[in-house]
Amino acid sequence: LRKVIKVFFCLSSMSLLFSVTTDVILFTRDRPVQTLAFLESLSSTGEGISKVWVLYRADGEIFEKSYRKAISCTPNPNFDIELVEDQLGEFGKNFASVLAKRSTSQFIILAVDEMVWLQPFNVTKAACLMAKSNGGISTTQLRLGRNLAAADKLYEEVSRQRKPVASTGE
């Protein structure tokens, strides 16, 4: 029953559910093979991702070509992938460009190429809870594995703090 109530809570506002989007910004430098492993694991386990921005620095043409090959070799991605080259000294500008100008998602997952996703997950649930909290929840950790219940508990606590407790007069 508790799980049904939680699902109903998010699904009760279908317009919110369908309008909540999440992007990933992947940071990498000269590691196209690890980038491919990240993208393959995300593609096979992750749901609810709109776009992956690969913010990369390639020290040489071989790395540049290898990043493009890694993107083209990602099997059946259920999200769009875009490479953003990071020239030396331009990181802040490129990162800000993705955040402020290019990404249209409400939520961003920051990732590094060392990460590999092992278990299936759906970011829509966490994003829905964060959107419903109106700033009460500002971050969640997907690296907790199946322990996304932590986000549920946090949301329940925020909700409890925002609503006055009815007095019985005793």
Side-chain angles (χ1 to χ4, degrees), residues 7 10-11 14-133 137-152 154:
V7 170
C10 272
L11 296 179
M14 292 302 282
S15 61
L16 175 65
L17 182 63
F18 290 115
S19 67
V20 172
T21 58
T22 303
D23 283 354
V24 173
I25 300 177
L26 173 64
F27 303 103
T28 181
R29 179 179 180 179
D30 292 339
R31 301 199 306 191
V33 174
Q34 285 180 272
T35 298
L36 176 59
F38 174 92
L39 293 170
E40 284 179 341
S41 67
L42 183 63
S43 178
S44 65
T45 60
E47 291 184 36
I49 304 292
S50 299
K51 190 167 196 167
V52 175
W53 303 87
V54 180
L55 186 56
Y56 74 100
R57 184 174 303 160
D59 293 333
E61 190 175 329
I62 188 77
F63 287 112
E64 174 76 31
K65 289 179 181 177
S66 297
Y67 275 112
R68 297 202 182 286
K69 183 73 172 172
I71 300 306
S72 67
C73 288
T74 302
N76 306 316
N78 51 2
F79 43 78
D80 295 327
I81 304 171
E82 185 170 327
L83 284 171
V84 179
E85 186 174 9
D86 180 37
Q87 298 291 334
L88 188 61
E90 298 290 319
F91 173 78
K93 183 178 112 180
N94 291 325
F95 181 60
S97 171
V98 171
L99 281 179
K101 299 175 186 170
R102 299 167 90 174
S103 175
T104 58
S105 288
Q106 294 91 342
F107 298 98
I108 302 288
I109 295 173
L110 302 177
V112 293
D113 60 10
E114 302 165 341
M115 296 169 64
V116 176
W117 304 94
L118 300 176
Q119 298 176 351
F121 68 95
N122 189 321
V123 297
T124 305
K125 179 180 178 183
C128 181
L129 289 170
M130 290 171 68
K132 283 271 203 183
S133 76
I137 301 173
S138 60
T139 185
T140 188
Q141 294 287 326
L142 295 177
R143 65 188 179 99
L144 296 175
R146 294 179 187 224
N147 191 16
L148 281 181
D152 293 342
L154 180 58

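Each residue takes its place number in the sequence, starting with 1. In what follows, every heavy atom counts, from backbone to side chain, and hydrogens, waters and symmetry copies are set aside.
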Sequence neighbours excluded, which residues qualify as salt bridge (Lys or Arg N to Asp or Glu O under 4.0 Å) partners of E47? none

Contacts of K69 that satisfy salt bridge (Lys or Arg N to Asp or Glu O under 4.0 Å) - sequence neighbours left out: none

Does any pair with a residue in residues 20-29 pass salt bridge (Lys or Arg N to Asp or Glu O under 4.0 Å), and if so which ones, sequence neighbours excluded? R29-D59

Looking at every heavy atom in both E40 and T74, which two are closest together, and how far apart are they? N-CG2, 4.4 Å

side-chain contact (heavy atoms from CB on, under 4.5 Å) partners for S44, two or more places apart: none

Any donor-acceptor N or O pair under 3.5 Å, side chains T45, Q119: no

side-chain hydrogen bond (donor to acceptor under 3.5 Å, both in side chains) against D86, all qualifying residues, sequence neighbours excluded: R57, N94

Between the side chain of S66 and the main-chain N/O of I62, is any donor-acceptor distance below 3.5 Å? yes

Sorted by chain and residue number, the side-chain contact (heavy atoms from CB on, under 4.5 Å) partners of S41 (sequence neighbours excluded) come out as V116, W117

Taking the side chain as everything from C-beta on, heavy atoms only, tell me whether L42 gets closer than 4.5 Å to L26. no

Check: I49 main-chain N/O paired with N78 side-chain donor or acceptor under 3.5 Å: no

Who passes salt bridge (Lys or Arg N to Asp or Glu O under 4.0 Å) against E85, sequence neighbours left out? none

Exercise: do T28 and T35 side chains pair donor with acceptor under 3.5 Å: yes

Side-chain contact, heavy-atom cut-off 4.5 Å: V84 with F95? no

Not counting sequence neighbours, which residues clear salt bridge (Lys or Arg N to Asp or Glu O under 4.0 Å) with R31? List them please. D113, E114

Using 0.5 Å steps for rounding, measure from the CG atom of L55 to the CG atom of L110. 10.5 Å

Tightest non-hydrogen contact, residues D30 and A58, listed as OD1-CA, 3.3 Å

When every non-hydrogen atom of I108 is compared with those of S103, the smallest separation belongs to CD1-OG, 3.6 Å

Has S43 got a side-chain atom pairing as donor or acceptor with P75's backbone, closer than 3.5 angstrom? yes

Side-chain (E82) to main-chain (W53) donor-acceptor, under 3.5 angstrom: no

Pairs touching residues 60-89 that satisfy ring-ring contact (aromatic ring centres under 6.0 Å, His included), sequence neighbours left out: Y56-Y67

Considering residues at least two apart in sequence or located in another chain, which fulfil the side-chain contact (heavy atoms from CB on, under 4.5 Å) criterion with A127? V20, T22, F107

